[in-house]
Trainee: 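Let me begin by handing over the structure; questions about it come next.
Any value given below was found using the heavy atoms of this structure, including those in side chains, with hydrogens, waters and symmetry copies removed.
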Amino acid sequence: MSPRRTPEPTEQAAIPGRHRRNRTVVAALAAAMLAAAVLAGPGVAQAAPHTVRGSQSQMAAADITWTLERASNPTQDQLTAYGLITTAMNAAVARYNNLSDLGKSITVRYDPGVPTADGNINGTIRFGNRGYMTERTALHEIAHTIGVGTSGGWSSLTTGGTWRGAQATALVKRFDGSAATLSAGGGHFWPYGLNYENEFSNTAGDRHVQIVAAMVRDGL
């Protein structure tokens with residue numbers, strides 16, 4: 001924002017040296033303001049808020065956040081699992097937050113009794129087997145916490161083995177052609193459901209997030 005200009009006083013007679021002193025004072029003030037701006041340093045970058053149509057108010061985009069429950073005195077086995085889980089969850093959450101405005105607070109646990117991994121709509125994810133402590137699994141389980149296979153909307157919008165929501169259906173057609181459909185059953189969807197490790201790629205991961213977000217808009 002430009003600094004406010006201070007109006008010069010109106011005088012009937014010029015005072016010798018007055019205008020020169022005014023210019024000197026203004027120059028000094030401008031230099032001080034510039035120095036202050038430099039010392040303040042760059043601002044903190046923030047995500048652009050979503051503007052609510054038809055209103056002057058603004059609303060910040062939601063975020064997915066997560067916390068890992070850790071033992072107070074972890075064993076080496078637990079420490080190794082915590083490291084793998086942290087890497088997987090950080091990557092998956094970053095992808096969701098970069099490509100969607102979905103919000104969820106997730107609690108993650110390491111549970112060796114879990115054969116693979118599982119996610120619940122109550123916001124919990126459990127990892128068991130080391131082979132499933134990957135970004136692909138984390139993306140898949142986050143989808144379960146959001147409602148894929150776990151919400152009432154999932155049940156009402158899945159009929160005859162096909163997702164019937166208009167937005168996610170239109171999206172998969174854009175990805176794969178006009179004949180494409182979004183299959184759903186057993187609490188999972190495909191394509192782009194990331195149900196198996198060999199389905200994962202950066203493109204598939206991005207499309208997975210976009211489809212889950214479209215499902216939420218459909219009423220998941």
Side-chain angles (χ1 to χ4, degrees), residues 64 66 68 81 84-104 106-220:
I64 293 175
W66 73 282
L68 175 63
L84 293 171
I85 291 168
T86 297
T87 299
M89 286 296 299
N90 280 344
V93 167
R95 196 182 294 266
Y96 264 99
N97 288 341
N98 285 337
L99 295 172
S100 78
D101 60 357
L102 298 174
K104 192 77 178 185
I106 299 172
T107 299
V108 181
R109 302 185 180 105
Y110 169 47
D111 185 346
V114 176
T116 56
D118 57 38
N120 192 294
I121 199 169
N122 68 8
T124 60
I125 294 176
R126 301 184 303 167
F127 289 89
N129 189 304
R130 291 277 197 279
Y132 291 84
M133 296 175 184
T134 65
E135 182 186 355
R136 190 280 308 174
T137 303
L139 289 166
H140 178 95
E141 301 307 337
I142 289 171
H144 285 314
T145 71
I146 291 169
V148 170
T150 58
S151 71
W154 171 267
S155 301
S156 63
L157 287 164
T158 302
T159 56
T162 303
W163 179 262
R164 302 298 179 183
Q167 295 209 35
T169 299
L171 190 58
V172 78
K173 289 182 183 297
R174 178 160 68 84
F175 291 153
D176 294 341
S178 59
T181 59
L182 192 58
S183 298
H188 300 91
F189 69 87
W190 62 95
Y192 308 115
L194 304 183
N195 303 301
Y196 301 98
E197 201 67 34
N198 61 8
E199 296 178 6
F200 180 76
S201 67
N202 278 324
T203 297
D206 288 352
R207 291 180 176 183
H208 169 87
V209 172
Q210 292 171 298
I211 287 175
V212 173
M215 286 178 162
V216 171
R217 294 192 298 271
D218 280 335
L220 179 65

Trainee: Name all residues meeting the side-chain hydrogen bond (donor to acceptor under 3.5 Å, both in side chains) criterion together with N120; count only those two or more places apart in sequence or in a different chain, and write none if there are none.
Mentor: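 With sequence neighbours excluded, N120 shows a side-chain hydrogen bond (donor to acceptor under 3.5 Å, both in side chains) to no residue whatsoever.
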Trainee: Test of understanding: with side-chain hydrogen bond (donor to acceptor under 3.5 Å, both in side chains), list the residues that count as partners of Y110, not counting sequence neighbours.
Mentor: D77, R130
Trainee: Of the non-hydrogen atoms in A184 and T158, which two are nearest, and what is the gap between them?
Mentor: CB-CG2, 3.5 Å
Trainee: Which atoms form the tightest heavy-atom contact between I121 and S151, and what is the distance?
Mentor: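 For I121 versus S151, the nearest heavy atoms are CD1-CB, 3.8 Å.
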Trainee: Taking salt bridge (charged side-chain N to carboxylate O under 4.0 Å, His left out) as the test, write out the residues that go with R207, two or more places apart.
Mentor: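 Only D176 meet the salt bridge (charged side-chain N to carboxylate O under 4.0 Å, His left out) criterion with R207.
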Trainee: Which pair of non-hydrogen atoms, one from L194 and one from G205, has the smallest distance, and what is that distance?
Mentor: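 It is CD1-CA, 4.2 Å.
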Trainee: Taking W66 as the fixed residue, which of T86, T145, N90 is the one that meets the side-chain hydrogen bond (donor to acceptor under 3.5 Å, both in side chains) rule?
Mentor: N90
Trainee: Run the ring-ring contact (aromatic ring centres under 6.0 Å, His included) test against W154 and tell me which residues pass, sequence neighbours left out.
Mentor: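 W154 satisfies ring-ring contact (aromatic ring centres under 6.0 Å, His included) with W163 only.
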Trainee: Report the C-alpha distance between I106 and V93 in whole Å, list the side-chain angles of each, state the deciding distance to 0.1 Å, and finish with yes or no for side-chain contact (heavy atoms from CB on, under 4.5 Å).
Mentor: CA-CA 10 Å; I106 299 172; V93 167; 5.6 Å; no
Trainee: For residues P191 and L182, determine if any side-chain heavy atom of one lies less than 4.5 Å from a side-chain heavy atom of the other.
Mentor: yes
Trainee: Going by the rule ring-ring contact (aromatic ring centres under 6.0 Å, His included), which residues pair with Y96 if we only count those two or more places apart in sequence or in a different chain?
Mentor: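 Testing Y96 for ring-ring contact (aromatic ring centres under 6.0 Å, His included), a comparison that skips the adjacent residues, returns none.
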Trainee: Answer whether the closest heavy-atom distance between the side chains of E141 and Y132 falls below 4.5 Å.
Mentor: no
Trainee: Looking at residues at least two apart in the chain, or sitting in another chain, which of them share a salt bridge (charged side-chain N to carboxylate O under 4.0 Å, His left out) with R126?
Mentor: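 Per chain and number, R126 pairs via salt bridge (charged side-chain N to carboxylate O under 4.0 Å, His left out) with D111, D118.
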Trainee: What's the shortest heavy-atom distance between L171 and A214, and which atoms?
Mentor: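 Where L171 meets A214 most closely, the heavy atoms are CD2-CB, 4.2 Å.
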Trainee: State which residues pass side-chain hydrogen bond (donor to acceptor under 3.5 Å, both in side chains) with Q210; sequence neighbours excluded, sorted by chain then number.
Mentor: none
Trainee: Answer whether the closest heavy-atom distance between the side chains of V148 and H140 falls below 4.5 Å.
Mentor: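 Sidechains of H140 and V148: no contact.
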Trainee: Please enumerate all residues that pass ring-ring contact (aromatic ring centres under 6.0 Å, His included) together with Y196, with sequence neighbours excluded.
Mentor: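 Y196 satisfies ring-ring contact (aromatic ring centres under 6.0 Å, His included) with no residue once adjacent residues are dropped.
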Trainee: Just jot down the side-chain hydrogen bond (donor to acceptor under 3.5 Å, both in side chains) partners of T107, sequence neighbours excluded, or say none.
Mentor: none
Trainee: So does L157 get a backbone contact from the side chain of D218, meaning a donor-acceptor N/O pair under 3.5 Å?
Mentor: no
Trainee: Would you please name every residue forming a salt bridge (charged side-chain N to carboxylate O under 4.0 Å, His left out) with E199, sequence neighbours left out?
Mentor: none
Trainee: For residues 200-220, which residue pairs qualify under ring pair (Phe, Tyr, Trp, His ring centres under 6.0 Å), counting only residues two or more places apart or in two chains?
Mentor: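 Residue pairs with at least one partner in residues 200-220: F189-H208.
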Trainee: Got M215 and I146 here, is their nearest side-chain heavy-atom distance under 4.5 Å?
Mentor: no
Trainee: Quick one: list whatever passes salt bridge (charged side-chain N to carboxylate O under 4.0 Å, His left out) with R164, sequence neighbours left out.
Mentor: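 R164 satisfies salt bridge (charged side-chain N to carboxylate O under 4.0 Å, His left out) with no residue once adjacent residues are dropped.
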